[in-house]
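Numbers restart at 1 for each chain; the letters A, B, ... are given by sequence-line order, proteins then strands.
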2 protein chains.
Amino acid sequence: MTKPRSRRGGGRPTIADVARKAGVGAITVSRALREPGRVSEDLRRQIQAAVAELGYVPDPNARALASARAEVFGVLVPSLTNNVFAEVVRGIYDSLSDSPFRIQLGNTHYSGLEEERLLQVFGPQRPAALIVAGIDQTPASRKLLENAGCPVVQVMETGPDPIDMMVGFSHLDGGRTATEHLIEMGYRRVGFIGARMDPRSQRRLAGYRTAMEKAGLFDPRLITTTPVPSSVSLGRELFRDALAKVPTLDGVFCNNDDIALGVLFECHRAAIHVPKTIGIVGFNDLDMMQVAFPSITSIRTHRYEIGRRAVAMALAAIAGGRPQERVVDLGFELKRRESTAR
Amino acid sequence: MTKPRSRRGGGRPTIADVARKAGVGAITVSRALREPGRVSEDLRRQIQAAVAELGYVPDPNARALASARAEVFGVLVPSLTNNVFAEVVRGIYDSLSDSPFRIQLGNTHYSGLEEERLLQVFGPQRPAALIVAGIDQTPASRKLLENAGCPVVQVMETGPDPIDMMVGFSHLDGGRTATEHLIEMGYRRVGFIGARMDPRSQRRLAGYRTAMEKAGLFDPRLITTTPVPSSVSLGRELFRDALAKVPTLDGVFCNNDDIALGVLFECHRAAIHVPKTIGIVGFNDLDMMQVAFPSITSIRTHRYEIGRRAVAMALAAIAGGRPQERVVDLGFELKRRESTAR
DNA sequence: GCTCGGGATGGTAGCGCTACCAATAAGGGC
DNA sequence: GCCCTTATTGGTAGCGCTACCATCCCGAGC
């Protein structure tokens, strides 16, 4: 009666081994691990002892197959190196580190098609929740998310018509606030410089435009953008282009802090005084903004908190109680610094 | 004879549905999907048609359970926001995006214990390969990696005694090269400024020390470090500390580029001339180094390439052929710039 | 004392897939 | 023409776990 045990498996103990050792049924071991409250004190202790002695660890794959639900959070971001998303992801990781949930991270490269592809890969795993960046999913992606059968949180932005839940802030308001600040400080020929120009950047630009038009200062030639990925060196180049185009430029609202830093360095290099000759405002408020010389005014966004909140909302939804507010606006903050202190 | 189909599952088509529709056995469908070469042209076409018609996608959990091997790469890095690791991770993602492998990323927070914990979580999933940052695993982690039953690649550094494979470069040589460059350019009171001081930073410091001692310039008071996480603002503060301690300081080798940028900004603020009064060398050569004013000398490291190479080696090992060289040194490059051009 | 409800425990039957082996057909060498 | 190898296909039996349902026991209620 030698049972052909662990012919395939690596010989790791299974739930049956634990059950045998503890003198209980396998299902009771399963319950003791997942819903300890439903198992008597005595058995629970016996089972715990057996688990410890054998070094038993449940097989997540078997678990996922049997329960038709994997303890995995699927996370989709457009970039892994962009500090903004890295912070969101960090918030997600930190919030999930004590939970049984694993994380599967996908990089969409700012591509809707790639997002669709990744959702098709994530779906069959039956994740416990999905967190996706942005609110501009393709119709196909939207359908996939709606039919995912798990909580979905769109992060980084807020907007009408959430697929399920949302955490973020208004990029349009952010862009408007940044621009209004420049105007308030006396800048008149305020340019917009932006790289990548993903949907969020587009909305910041829309905010810029709103503010400029309201002040009667709008001029399309003040706008300099490119679809090229953002970088500090690109910021420098775009600023030179902008200045060549509009020599009277006296302020710039930058798409993000990298661009702003590039602008600052170019000003140093060309001996353009900041903030007297040119005022600079960035977006996101990376640590370096306050250290730069002169320090750079920026819109502080709460990336880490967005990640944490998204997880909290997803966990609440998994636990059954859909949270009251499905859309959470975490806002932003204008950090006034030397670069606009005329 | 109504079969109680999909009582639990979400009603998604299974391999049996495909087999039925194609008029073949389930196992043949499985083969057609995994080893198309072993199935005849005819059946393959029929099966493909059935797959397409039903929209069948294999269940990765069932697959992992049955084959005792998940199509997952486990990746462990100490930080998600540090650009250096983000680049490595990006290389890994890009290399794996066309493969069937998913990625499970773990954040160790520079903690050996956390690394152990994560390896214990990753292990039971039976990943196809593991990629871990650094070569200073705890003995427990080392054992877990040795017994993981899959290829293991240690990245970011090279060293003796690989667990399995390694891709990286010598941080000691990097630190030495950076310091020698400063000495060569005529700097004498060359300081070392470092934050976080993880094992790699320690080795850069050792390289600094080697170079300074060889030149007869070593003085322990020239070293300023902290275990606090690195940032641009911290760089500024550490530089002020260093200068207060050693007013004759005429050069600094910085642990990384963030610190170097902080030093540069402080020099601007305090009207200290770079490179005349102070020479600055960074480490990693982020994009902004070449844009900074003055541009900052740095040690260029090949982070993205490390990620790509690690995946290539792991895939080769999975395919059966352990690569010739188990330890790959991708080296580094000294980028001479204005900050040390005396 | 008897029935009933609810908590605790276990058995059975899969979840969807693949390893293993068997079976059959198709060629190749003598 | 026969035997053996190779290629192709399928059946069976799990992989390790949990959903579902049955069973059992105890105390409460009448």
Side-chain angles (χ1 to χ4, degrees), chain A residues 3-20 22-47 51 54-71 100 123-126 128 149, chain B residues 3-20 22-47 51 54-71 100 123-126 128 149:
Chain A
K3 11 185 188 354
R5 260 205 62 226
S6 62
R7 208 178 53 229
R8 295 197 221 160
R12 281 213 318 264
T14 73
I15 203 168
D17 298 323
V18 175
R20 210 172 304 130
V24 301
I27 191 69
T28 306
V29 175
S30 175
R31 261 196 293 259
L33 263 32
R34 291 177 302 133
E35 311 168 88
R38 294 193 43 193
V39 173
S40 69
E41 182 70 24
D42 278 7
L43 286 194
R44 215 185 312 156
R45 251 202 304 272
Q46 274 171 252
I47 291 169
V51 164
L54 293 171
Y56 169 73
V57 185
D59 180 329
N61 299 125
R63 197 171 251 194
L65 180 58
S67 65
R69 190 52 70 196
E71 290 188 311
Q125 280 180 83
R126 303 172 167 284
Chain B
K3 6 181 192 354
R5 260 206 61 225
S6 62
R7 208 179 53 231
R8 296 199 220 160
R12 279 214 317 265
T14 72
I15 202 167
D17 297 323
V18 176
R20 209 171 304 129
V24 300
I27 190 68
T28 305
V29 174
S30 175
R31 262 196 293 261
L33 262 32
R34 290 177 302 132
E35 312 167 86
R38 293 193 44 193
V39 173
S40 68
E41 183 69 24
D42 278 7
L43 286 193
R44 214 186 311 155
R45 253 202 303 271
Q46 273 172 253
I47 291 169
V51 164
L54 293 171
Y56 169 72
V57 185
D59 180 329
N61 299 124
R63 198 171 250 193
L65 179 59
S67 65
R69 190 54 69 196
E71 290 188 310
Q125 280 181 82
R126 303 173 168 282

> Which of these nucleotides, C:dA19, C:dG16, D:dC17, is closest to any side-chain atom of B:Leu65?
C:dG16
> If you check every side-chain atom of B:Ala66, which of C:dC17, C:dT9, D:dC17 has the closest atom?
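That would be C:dC17.
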> When rounded to the nearest 0.5 angstrom, what is the spacing between CD1 in A:Ile15 and CG in A:Leu54?
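A:Ile15 CD1 to A:Leu54 CG: 12.0 Å, rounded to 0.5 Å.
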> In whole Å, I'd like the distance from the CD atom of B:Glu35 to the C1' atom of D:dG10.
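Taking CD of B:Glu35 and C1' of D:dG10, I get 15 Å after rounding.
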> Heavy atoms from C-beta onward define the side chain here; which of D:dC17, C:dA8, D:dT9 lies closest to that of B:Ser40?
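From the listed options, D:dT9 comes nearest.
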> To the nearest Å, give me how far apart CZ (A:Arg20) and C1' (D:dG16) are.
13 Å
> Closest to the B:Pro58 side chain: D:dG16, C:dC17, C:dG10?
C:dC17
> If you check the B:Ile27 side chain, which of D:dT18, C:dC17, D:dG10 turns out closest?
D:dG10
> Between C:dG10 atom P and A:Ile15 atom CD1, what is the distance in whole Å?
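In whole Å, C:dG10 P lies 12 Å from A:Ile15 CD1.
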> Hey, which sits more toward the 5' end of DNA chain C by its nearest nucleotide, B:Val57 or A:Ala26?
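So the residue in question is A:Ala26.
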> Return the value, rounded to whole Å, for the distance between atom CZ of A:Arg63 and atom C1' of C:dG14.
18 Å
> For the residue pair A:Ser67 / A:Arg63, report whether a side-chain donor-acceptor contact shorter than 3.5 Å exists.
no
> A:Asp59 CG to C:dG16 P: how many Å, rounded?
17 Å
> Should B:Ser30 be listed as having a side-chain N or O under 4.0 Å from OP1 or OP2 of C:dT18?
yes
> Measure from the side-chain heavy atoms of A:Thr14 and tell me the nearest of C:dC17, D:dT18, D:dC17.
D:dC17
> Determine the minimum heavy-atom distance between A:Pro13 and A:Gly55, stating which atoms define it.
CG-O, 4.1 Å
> With a 4.0 Å cutoff (strictly under), does any side-chain N or O of A:Arg34 reach OP1 or OP2 of D:dA19?
yes
> Below 4.5 Å, heavy atoms only, C-beta onward: do B:Pro58 and A:Pro124 meet side chain to side chain?
no
> Between D:dC17, C:dT9, D:dC15, which one does the side chain of A:Thr28 approach most closely?
C:dT9
> Can a donor-acceptor pair under 3.5 Å be found between the side-chain atoms of B:Arg31 and the base atoms of D:dG10?
yes
> Identify, between B:Ala62 and B:Gly37, the residue whose nearest nucleotide on DNA chain D lies closer to the 5' end.
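Whichever sits nearer the 5' end wins; that is B:Gly37.
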> Whole-Å distance between C:dA19 C1' and B:Arg126 CZ?
14 Å
> In whole Å, what is the span from the CD atom of B:Gln125 to the P atom of D:dC17?
14 Å
> How many Å lie between CZ on B:Arg12 and P on C:dG16, as a whole number?
8 Å
> Are any non-hydrogen side-chain atoms of A:Asn61 and A:Leu65 less than 4.5 angstrom apart?
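Answer no - side chains too far apart.
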